Protein chains: 2
Amino acid sequence: MSQSQLELRHLKTLLALAECGSVSQAAKRVFLTQSALSHQLKALEDHYGLALFERKTQPLRFTPAGERLLALAREVSGLVAGAERDMARLREGEAGELRIAVECHTCFDWLMPAMDAFRQHWPAVELDIVSGFHADPVGLLLTRRADLAICSEAEPQDGVVYQPLFAYEMVLIMAKDHPLAAKPVWQADDLASETLIHYPVPDVMLDLVRKVLKPAGVNPSRRTSELTVAIIQLVASRRGVAAMPFWAVKPYLDRGYIASARIGESGLQSELYAALRQDDVLLAYMRDFLHTVREQSFATLPGLSVLA
Amino acid sequence: MSQSQLELRHLKTLLALAECGSVSQAAKRVFLTQSALSHQLKALEDHYGLALFERKTQPLRFTPAGERLLALAREVSGLVAGAERDMARLREGEAGELRIAVECHTCFDWLMPAMDAFRQHWPAVELDIVSGFHADPVGLLLTRRADLAICSEAEPQDGVVYQPLFAYEMVLIMAKDHPLAAKPVWQADDLASETLIHYPVPDVMLDLVRKVLKPAGVNPSRRTSELTVAIIQLVASRRGVAAMPFWAVKPYLDRGYIASARIGESGLQSELYAALRQDDVLLAYMRDFLHTVREQSFATLPGLSVLA
DNA sequence: TACAATCATGAGGCAATTTCATTATTTTAC
DNA sequence: GTAAAATAATGAAATTGCCTCATGATTGTA
C-alpha cells in the first residue's frame with residue numbers, strides 16, 4: 001500500500017494516458033512498460049482513495065477525479081516546460097541557428113505548427129527551411145548548409161546522430177466508387193492497371209515504389225502533383241490512386257470524400273527521424289525543437305506510434 | 001551522476017529553502033535530513049548544469065536560475081494544493097463542521113488569517129470559534145462541543161490525537177529604559193520586584209508562572225489585560241513586564257517601542273498542538289486546516305521552529 | 001584561535017519503481 | 001459463438017534512486 005505523494009511523473013503519465021486512450025500505448029509514450037504504468041496508476045488511485053478512470057472501455061474514460069488531476073497536469077506541464085526552457089537559455093544563451101532540410105512534402109503539415117510554437121519559445125534562434133527537396137539531406141548537415149534534416153531512414157554516418165520522431169502508416173487512397181474501394185488490403189498486383197499519383201520526387205523517396213512495387217516488378221503509369229490537396233482531388237475524380245500518410249488523409253476519409261486501403265498484409269509503415277550533427281545533440285534549443293515536434297505531432301496527428 | 005528529472009519534491013524543497021534561508025532549517029521543514037537536501041539540491045544543479053544559489057551567505061541568495069525555479073515552484077504549488085483539495089472533496093464531500101476551542105489569547109494572531117484562507121477553500125464547512133477561554137479545551141472535544149482544540153501540551157487521552165503545529169520562544173518584554181533592559185537573559189529572581197502583566201487566565205495557562213516563577217518560588221505582583229496591544233502599551237509605559245511569543249512582539253521590537261530579554265539560559269520554549277478526536281484525524285478538511293495553519297504560520301510569523 | 005553552525009561528500013541501507021512472467025479480461029475476427 | 005489478439009492486472013524479483021549516517025570541510029563568531 002504505497003503512500004507516496006503526487007509527483008510530476010504521475011502527471012506526465014496522465015497526459016500520455018489522455019492522449020493515447022490506453023495504458024499500453026501511454027506506456028510507450030513515456031518509455032516505460034505497461035506494467036509500470038498499471039502499478040503507478042493504481043498507486044495514485046490508492047493515494048487519493050478514488051478511481052481515476054474506467055478501464056472497461058476503449059478508449060478509456062476518466063472519472064471526475066481523473067479529469068481533475070488531468071486538468072492539473074495540463075496546467076502544470078506548460079509551466080514546467082516554460083521554466084525548463086528558461087533554464088536552458090540561462091545555461092546556453094538565447095541565440096542559435098536552426099536550418100531544417102526536409103525530404104518529404106507532407107512533412108510540412110506537422111512541421112509548420114511545430115515551427116510556429118518554437119519561434120514563440122526561442123525568438124532569438126534563426127529558424128529556416130532549406131529550400132528544395134534534396135535526395136541527400138544528411139549531406140547538407142555535414143557541409144553545414146543545414147542543422148537538422150528530416151528523413152525516413154537512419155543510415156549510420158560519422159558525425160551524424162539520428163533521433164527518432166514517430167512512426168505512422170501509409171495508406172492507399174482511391175475514389176469512393178473505385179471498383180476495389182471495398183477491398184481492405186491491396187497487394188502490389190492490384191496497382192498494375194492503376195495510375196499512381198505522387199509528388200514530383202525521385203522514386204527512391206517514394207516508399208510505395210521502393211518497398212512494394214519495385215520488389216514485385218509492378219510498374220503502374222504515373223502522374224505527379226506538388227500539392228497534397230491537388231492529389232486528393234485527382235484521386236477523388238478517379239484519375240488514379242495515391243499513397244499517403246494516414247494522418248494526412250484522415251479528415252478526407254472522415255468526410256467521405258475518398259476511400260482508403262491498407263498496403264500489404266501488415267501495412268506499409270513509415271518512420272521519421274531527425275538527423276543532427278553529433279556536436280549539436282546537446283544544444284538546448286535543438287532538443288527543445290525535437291521535443292516540440294513530438295509533442296505537437298502526437299497531440300494533433302491521428303494514428304501515430306512511438307518510434308524506439 | 002544522477003540524471004533524474006524535476007519532481008514536485010524538488011519544488012517543495014526550494015520553497016522551504018526560500019522561506020528558511022538555510023539548507024538545515026529547510027530540511028526540518030520538509031522532514032528530511034540536511035544531507036538529503038544537500039544531495040537533492042546538488043542533483044538539481046547537475047541536472048540543469050547551473051548553480052541555483054550561493055551557499056556562502058546567510059541567508060543564502062538564489063541565483064537567477066534558482067529564482068526561476070523558485071517562481072515555478074510558487075506557481076505550481078498553489079495549483080497542486082487546489083487540485084488535492086478538490087480530490088479530497090470528491091472523496092468525502094464538501095460539507096462538515098469545524099468548531100475550534102482556543103486556550104491562548106495570542107493564538108488569534110495566526111488563527112484568523114488561517115481561518116480566512118480556509119473559508120475560501122471549504123465554503124461548505126461550518127467554521128466556528130468556541131467562545132471563552134477554557135482551561136480544559138480537550139474536554140470540549142470529547143463532549144462534542146468542539147472539533148479541534150489548540151493547546152500547548154499534548155496530554156495523552158483516550159480517543160484524542162495531538163498534531164504538532166509549531167514551536168516558538170516566549171520572551172520577556174520591558175520598557176526600553178528599564179534598568180535591566182540591557183540584560184540579555186533574565187532569571188526568575190530578576191522578576192521578584194517587577195509587576196507581571198498578563199492575560200486574565202488561570203496561572204496554569206501561563207507558562208512563565210508555571211514553568212519558571214512557581215518552581216523558583218518567586219511571586220511578583222500582577223496586573224491583567226485582555227488585549228495584546230494594551231499589554232504592550234502598559235509595558236512601554238513602565239507599568240510592568242510581560243512574557244509574550246517572540247513573533248507577537250517582533251514588530252514592536254523592530255520599531256524600538258520596547259526591549260526584550262530571553263527567559264532563562266536556554267529560553268522559554270512554547271509549543272502548540274492541535275487536539276482532535278481520533279475519528280476525525282483522516283477528515284480531509286481537518287487535515288487541510290492543519291496544513292493551512294502550519295503553512296500560513298511559518299510563512300508569516302518570524303522565529304518559528306518545527307515541532308516533531 | 002577555537003568553537004559553533006552550516007554545508008558537502010561518500011558509503012551503505014532501504015524502500016519505491018520498474019521489469020518480468022503470468023493470468024485475467026476485453027475486443028476483434030472469422 | 002469461438003478463437004485469436006490485444007489490453008490490463010498482479011505478484012515476485014530486481015533495479016534504481018533516495019535517504020541516512022558518519023565524517024570532513026567551510027564559514028562565521030566569541
Side-chain angles (χ1 to χ4, degrees), chain A residues 1-14 16-17 19-47 51-63 66 182-185 262 265-267 303 305-306 308, chain B residues 1-14 16-17 19-47 51-63 66 184-185 262 265-267 303 305-306 308:
Chain A
M1 198 108 319
S2 73
Q3 199 52 32
S4 69
Q5 60 147 14
L6 184 72
E7 289 292 357
L8 290 181
R9 159 169 35 98
H10 300 122
L11 298 183
K12 290 184 177 153
T13 295
L14 288 177
L17 198 58
E19 274 182 14
C20 297
S22 96
V23 177
S24 13
Q25 287 307 107
K28 288 180 187 140
R29 285 284 289 281
V30 296
F31 299 102
L32 290 174
T33 60
Q34 170 267 321
S35 177
L37 250 61
S38 187
H39 283 296
Q40 197 178 98
L41 291 165
K42 180 160 168 32
L44 258 191
E45 295 189 319
D46 285 354
H47 176 66
L52 298 180
F53 52 89
E54 300 167 33
R55 295 87 203 293
K56 317 272 164 175
T57 70
Q58 192 68 16
L60 54 80
R61 263 213 319 276
F62 284 80
T63 63
K183 200 165 191 259
V185 177
R262 166 160 290 185
E265 213 52 65
S266 53
S305 54
V306 180
Chain B
M1 197 106 324
S2 74
Q3 200 53 31
S4 70
Q5 60 149 10
L6 184 72
E7 290 291 358
L8 291 181
R9 158 171 37 98
H10 299 122
L11 298 183
K12 290 183 178 155
T13 295
L14 288 176
L17 199 58
E19 273 183 14
C20 296
S22 96
V23 177
S24 12
Q25 287 307 107
K28 288 182 187 139
R29 284 285 289 281
V30 295
F31 299 102
L32 291 175
T33 60
Q34 169 267 321
S35 177
L37 251 62
S38 186
H39 283 294
Q40 196 178 101
L41 292 164
K42 180 160 168 34
L44 258 191
E45 295 188 320
D46 286 353
H47 176 66
L52 297 180
F53 53 89
E54 301 167 32
R55 294 93 202 293
K56 320 271 165 175
T57 69
Q58 193 69 15
L60 54 80
R61 263 214 317 277
F62 283 80
T63 63
V185 177
R262 168 160 288 186
E265 212 53 65
S266 53
S305 54
V306 179

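Values below: every heavy atom of this structure, side chains too, minus hydrogens, waters and symmetry copies. All chains are named by letter (A, B, ...) in the order of the sequence lines, taking the proteins before the strands, and each is independently numbered beginning at 1. Treat the numbers as computed from the prediction; the structure is a model and nothing was measured.
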Practice item. Decide yes or no on side-chain contact (heavy atoms from CB on, under 4.5 Å) for B:Lys42 and B:Ser38, but give the supporting numbers first. Key: CA-CA 6 Å; B:Lys42 180 160 168 34; B:Ser38 186; 5.7 Å; no
Exercise for review: Measure from NZ on B:Lys28 to P on C:dC7 and round the result to the nearest Å.
Suggested key: 10 Å
Review point. So do B:Arg262 and B:Pro184 actually touch side chain to side chain, heavy atoms under 4.5 Å?
Key: no
Exercise for review: Return the value, rounded to whole Å, for the distance between atom CD of A:Glu45 and atom C1' of D:dT10.
Suggested key: 15 Å
Exercise for review: May I have the distance from A:Gln5 (atom CD) to D:dC18 (atom C1'), rounded to whole angstrom?
Suggested key: 13 Å
Check your understanding: Do any N or O atoms from the side chain of B:Gln34 and from the backbone of B:Val23 form a donor-acceptor pair under 3.5 angstrom?
Key -> no
**Study point:** Test log, rule side-chain contact (heavy atoms from CB on, under 4.5 Å), inputs A:His10 and A:His47
**Key:** CA-CA 12 Å; A:His10 300 122; A:His47 176 66; over 6 Å; no
Exercise for review: Look at the side chain of B:Ser4 and decide which nucleotide, out of D:dT7, D:dC18, C:dT9, has an atom nearest to it.
Suggested key: D:dC18
Practice item. Check side chain to side chain contact (heavy atoms under 4.5 Å, CB included) between A:Ser266 and all other residues, then give those that pass, not counting sequence neighbours. Key: none
Practice item. If a protein heavy atom is under 4.0 Å from the base, mark B; if only from the sugar-phosphate, S; if neither, -; do that for nucleotides 20-30 of chain D going 5' to 3'. Key: BB-----SS--
Check your understanding: Can you check whether B:Ser24 has a side-chain N or O nearer than 4.0 Å to OP1 or OP2 of C:dA5?
Key -> no
Review point. How close or far is atom C1' of C:dC7 from atom CD of B:Gln25, stated in whole angstroms?
Key: 13 Å
Check your understanding: For A:Ser22, which contact category applies under a 4.0 Å heavy-atom criterion: base, sugar-phosphate, or nothing?
Key -> sugar-phosphate
Exercise for review: Send over the distance from A:Leu41 CG to C:dT18 P, rounded to a whole Å.
Suggested key: 11 Å
Review point. Roughly how far apart are B:Leu14 CG and B:Glu19 CD, rounded to 0.5 Å?
Key: 12.0 Å
Review point. Roughly, in whole Å, what's the span from NE2 in A:His10 to P in C:dA16?
Key: 12 Å
Review point. Are the side chains of B:Leu32 and B:Thr13 in touch, meaning some heavy atoms are under 4.5 Å apart?
Key: no
Check your understanding: At under 4.0 Å, does any side-chain N or O of A:Arg9 touch on OP1 or OP2 of C:dA16?
Key -> no
Review point. In whole Å, what is the span from the NE2 atom of A:His47 to the C1' atom of C:dA16?
Key: 14 Å
Exercise for review: Starting from C1' on D:dA8, measure out to CG on A:Leu17 and report it in whole angstrom.
Suggested key: 12 Å
